[in-house]
Each structure stands twice: as structure tokens, then as C-alpha cells.
Amino acid sequence: MLNLSEYSLLLGADSACAALAIRIHVRDEGLKWQLPLAFAVSDGLGSFLGPIARAGQSFGPNVAQTITLTAYVVAIGTLLIIPKWPPGKHAAWLRRMIVLIGIPVLLSTDNFFAAKAFPPLGTLGIVAAMTAISSYVMSFLGLAVGNAMRMHVGRFGWRALASVVLFAIARVIG
């Protein structure tokens, strides 16, 4: 059985991979602090509200996995469509909201349904806080690595491939 630190790192790994993939596609410098905060809030709330709603027990494991996988696929598709949107003030605002709200919420479904794996001695608030901190730190690191990769990955095809691979890794880890 995982200890609380290992559990938090595992649930925050998808934030690092997603932030890396987002940074490859989106050049917005304002994301540097906002995206890690968005992942922290989403993952923390998912870890807190999932056990309260008894989501892990209410749905069967197959249904929970299907919902989580669907959320990941929607996030990948959204991320691949974002760079192709036409420029403009309204498109930029919508793109920013999707990156800062939509994708973090979609990727917090694993935290929401993982309630049955909580360590017995960890309280709900501590688990949620540690998951939020882990997601913040890991997504901040993902942004840094993504920024470096963006400079070396030029074509959209390579960006798309890198994003799909990263989300697949995040799904396996998370």
C-alpha cells in the first residue's frame, strides 16, 4: 500500500504531464503561475469531494475508469484543437478559460474516483492538501520542461504526438 506522499505524487503526475503538453501548445506567459494553481485547486477539490460523494463506491470500477478515460480523451482533443483556433480577443479568452478551468477539471476525475485508495491514517483534509501541493509543484515543473521543449519541437505533428504520449503516460501513472 502506498504511503500518503507516494499517493499524492501519483495523483499529481498527470498535472505535470498536462502542464508540459499545454506549454508546448500555448505561449501565454500568464500561465506560469495560474496553471499550477488551477491544477492544485482542481486536484485538491477532486481529492476532497470524491470521498464525500463516495464516488469510488457509488460507481463501479469500470464506470469510474470509463468516465476518467473519457475525460482524458476530451482533454487531449481540446488541447490539439486549441492551437488551430483563429486569433482574436474572444478566441484568446475562451482558449485561456479552457486551459485554466476545463483541462484541470477534466484531469481531476482520477482524484475524484480514487477515494477507495486513500491511506487509512490520512484524514481527508490532509490528503486533499498534499495532493494539491503535489499537483502545484509538479505542474510548475511540467511548465518549465514544456517551455524548453516548445523551443525544440517545431511542427504541429510533433507537438500533437508529444501531447498524446504525455497524456497517455499521465493516464497510466495517475
Side-chain angles (χ1 to χ4, degrees), residues 8-50 52-53 55 67-114 125 127-153 156 158-174:
S8 295
L9 286 173
L10 193 59
L11 286 178
D14 59 344
S15 298
C17 292
L20 193 155
I22 288 169
R23 190 62 179 156
I24 289 172
H25 291 288
V26 181
R27 293 186 174 144
D28 187 353
E29 291 301 320
L31 293 177
K32 188 186 301 183
W33 302 105
Q34 295 169 346
L35 189 63
L37 185 61
F39 278 116
V41 169
S42 294
D43 283 350
L45 282 175
S47 294
F48 187 77
L49 296 176
I52 290 174
I67 292 170
T68 302
L69 183 60
T70 302
Y72 274 75
V73 169
V74 169
I76 292 168
T78 303
L79 185 59
L80 294 176
I81 291 170
I82 284 176
K84 296 296 185 183
W85 284 356
K89 188 176 182 178
H90 296 293
W93 179 84
L94 181 60
R95 181 174 34 245
R96 187 171 181 75
M97 290 301 106
I98 288 172
V99 166
L100 290 175
I101 298 171
I103 292 176
V105 168
L106 286 169
L107 296 183
S108 69
T109 55
D110 62 338
N111 300 64
F112 187 75
F113 289 113
V127 170
M130 287 188 69
T131 302
I133 291 167
S134 172
S135 292
Y136 182 86
V137 170
M138 293 179 79
S139 62
F140 187 75
L141 293 173
L143 282 175
V145 173
N147 192 41
M149 281 184 67
R150 185 172 43 88
M151 295 176 192
H152 299 295
V153 179
F156 177 75
W158 286 109
R159 290 178 181 181
L161 178 63
S163 298
V164 169
V165 168
L166 292 170
F167 273 111
I169 292 168
R171 179 63 192 122
V172 169
I173 292 172

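Computed from heavy atoms alone, side chains included, the values below leave out hydrogens, waters and symmetry copies.
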**Q** Supply the atom-to-atom distance I22 CD1 to L35 CG, rounded to the nearest 0.5 angstrom.
**A** 4.5 Å

**Q** Verify the distance criterion only: is there a donor paired with an acceptor across the side chains of T68 and D110 at less than 3.5 Å?
**A**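 T68 vs D110: no donor-acceptor pair found between side chains.
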
**Q** How far does OG1 of T109 sit from CG of D43, to the nearest 0.5 angstrom?
**A** 9.5 Å

**Q** Does the S134 side chain pair with the main chain of M130, one donor and one acceptor, at a distance under 3.5 Å?
**A** no

**Q** I need the minimum non-hydrogen distance between R23 and G146, along with the two atoms involved.
**A** CG-C, 3.6 Å

**Q** Which pair of heavy atoms, one from I98 and one from P104, lies closest together, and at what distance?
**A**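 In this case the closest contact between I98 and P104 is O-CD, 4.3 Å.
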
**Q** Nearest heavy-atom pair of G44 and A132: which atoms, and what distance?
**A**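 Nearest heavy atoms, G44 then A132: CA-CB, 4.0 Å.
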
**Q** Answer yes or no: is there a side-chain heavy-atom contact under 4.5 Å between D14 and Y72?
**A**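 D14 reaches Y72 side chain to side chain.
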
**Q** Name all residues meeting the side chain to side chain contact (heavy atoms under 4.5 Å, CB included) criterion together with S139; count only those two or more places apart in sequence or in a different chain, and write none if there are none.
**A**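 With sequence neighbours excluded, S139 shows a side chain to side chain contact (heavy atoms under 4.5 Å, CB included) to S15, A19, P36, F39, given in chain and number order.
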
**Q** Using the ring pair (Phe, Tyr, Trp, His ring centres under 6.0 Å) criterion, which residues pair with Y136? Sequence neighbours excluded.
**A** none

**Q** Please check this pair: side chain of S108 against backbone of V105, looking for a donor-acceptor N/O pair closer than 3.5 Å.
**A**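 Side chain of S108 to backbone of V105, a donor-acceptor pair under 3.5 Å: yes, one is there.
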
**Q** Search all heavy atoms of A128 against all heavy atoms of S47 and return the closest pair with its distance.
**A**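 Closest approach of A128 to S47, heavy atoms only: CA-CB, 4.0 Å.
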
**Q** What distance separates L37 CG from F140 CZ, expressed to the nearest 0.5 Å?
**A**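 L37 CG to F140 CZ: 12.5 Å, rounded to 0.5 Å.
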
**Q** Decide yes or no for L143 and L20: does some side-chain heavy atom of the first lie under 4.5 Å from some side-chain heavy atom of the second?
**A** no

**Q** Kindly compute the distance separating CD1 (I76) from CG (L107), expressed to the nearest 0.5 Å.
**A**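 Going from CD1 on I76 over to CG on L107, the span is 8.5 Å.
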
**Q** My understanding is that only residues two or more places apart in sequence, or in another chain, count here; which of them pass side chain to side chain contact (heavy atoms under 4.5 Å, CB included) with L141?
**A**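 L141: side chain to side chain contact (heavy atoms under 4.5 Å, CB included) contacts with V137.
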
